[in-house]
2 protein chains.
Amino acid sequence: MNKQKESECSEAETPECDIRPVEGKKADEELALMTKALGHPARVQILRLLARRDSCVCGEIVDQIEDLAQSTVSQHLKVLKEAGLIKGEIEGSAVCYCIEPRGLRRLKVLVAGI
Amino acid sequence: MNKQKESECSEAETPECDIRPVEGKKADEELALMTKALGHPARVQILRLLARRDSCVCGEIVDQIEDLAQSTVSQHLKVLKEAGLIKGEIEGSAVCYCIEPRGLRRLKVLVAGI
DNA sequence: TGTCTTTATCGTATTTTTACGATATAGTGA
DNA sequence: TCACTATATCGTAAAAATACGATAAAGACA
C-alpha cells in the first residue's frame, strides 16, 4: 500500500533559465534532449500526472502507470529527471516526485519558439 | 549545386485537428510520437529551418545539416514526415520540404497543454 | 534487532535508432 | 539517347532504448 504525503514543490523560481536563447545549435540540442526524454507514452503520462498537481507525488506513480514493472517506471523517472523535467526528493522512507517548473517552462518556451 | 525553388506551402488549413483532446491516453501517445520524432538535434535543426520560411525548401537541406551523410538526412526527413511535422512534395526534379502547419500547431498545443 | 516497504540499480535480452556506403529511381538537359 | 543531379531506399554495423527479474539500499516500525 502506498501512502501519499503531500509535500511542497518549490514554486518560487529564479527566472535565469528563462532568458536563454530559443534557437541556435545550443538550443537545438537542449530541445532535442528534452523532447527525446518526453518521447515515450509512459513518460508523457508521468509528466502529466505530476503537472496536474501542486504538490509532489510520493510513492504512487508505479501504480498509475499501467503494465510496466517497477524497475521500468523507475528508469523512466530517471530519464525525466536527467532531462530536468522533474525532480525527486527523498521524503522519509518514500521518494516524492514533482515537476521541475523551470525545466517544463523551458520546454514549453522552446517548443513555442519553433 | 542545389537549386532553390520557392514553391508555396499551403497555409490555409482546416482546423479539425486543432479541436482534439490535449490529454488522455490517445493524446499521450500522440505527444510521445511527435516529441520522439523531434528528439534529435538534426531533426530539430531541420524543423527550425523549415519553420523559419514561408515557402518550402527544395534541395538544400542536406547542405545545411552539418556532418551527416545525405542518406542519413533523408532518413531524418522521413521521421519528421511520418510524425506529421513536415511534408515533402515532388517539384519537378527536386523534392520540396515544408512545415506541415497542422502538425506543428498540434505539437505546440499538446506541449502547452502539459 | 529483524522484517517490511519503497525505490534504485544491475545484468541481460530484445528491439529500435542512428549512420554510412552503395545502389535505385526519376527528372533535366545536352 | 546518355550523362548528370537530387533524393530515396537497401543492407548492414554499432549504439542506444526498452523492459524485465533479481537484488541492493535505506528508512519505518514492531
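Chain naming here is simple, since letters A, B, ... match the order of the sequence lines and numbering starts at 1 in each. Scope of the values below: all heavy atoms of this structure, side chains included, with no hydrogens, waters or symmetry mates. No experiment lies behind these values; they were computed from the predicted model shown.
- Backbone-only engagement by Leu68(B) is indicated by non-hydrogen atom pairs under 4.0 Å involving sugar-phosphate atoms exclusively.
- We find that CG of Asp67(A) is positioned 17 Å from C1' of dG21(D), with the value rounded to whole Å.
- Both Leu47(B) and Val109(A) sit in one connected hydrophobic cluster of ILVMFWY residues. Membership requires side-chain heavy atoms under 4.5 Å apart, directly or through other members.
- Whole-Å rounding puts the Gln70(A) CD to dA24(D) P distance at 15 Å.
- Comparing atom distances between the Ser74(A) side chain and each of dC20(D), dA19(C), dA8(C) picks out dA8(C) as nearest.
- Toward the 5′ end of DNA chain D lies the nearest nucleotide of Val95(B), the other residue of the pair Thr72(A) and Val95(B) mapping further downstream.
- Using a 4.0 Å cut-off between charged side-chain N and carboxylate O, Arg20(B) and Glu30(B) make a salt bridge.
- The SG atoms of Cys56(A) and Cys96(A) do not lie less than 2.5 Å from each other.
- For the pair Ser71(A) and dC20(D), the criterion of a side-chain N or O lying under 4.0 Å from OP1 or OP2 is not met.
- At whole-Å resolution of the value, CD in Glu89(A) and P in dT6(C) are 19 Å apart.
- Classification of Lys87(A) and Glu82(A) as a salt-bridged pair fails, no side-chain N sitting under 4.0 Å from a carboxylate O.
- Taking atom CG of Leu77(B) as the reference point, atom C1' of dA19(C) lies 15 Å away to the nearest angstrom.
- Under 4.0 angstrom from either OP1 or OP2 of dA19(C) there lies at least one side-chain N or O belonging to His76(B).
- Between dT6(C) and Tyr97(A), no contact under 4.0 Å exists linking OP1 or OP2 to a side-chain N or O.
- Residue side chain Gln75(B) reaches the base of dA19(C) through a donor-acceptor N/O pair under 3.5 Å, judged by distance alone.
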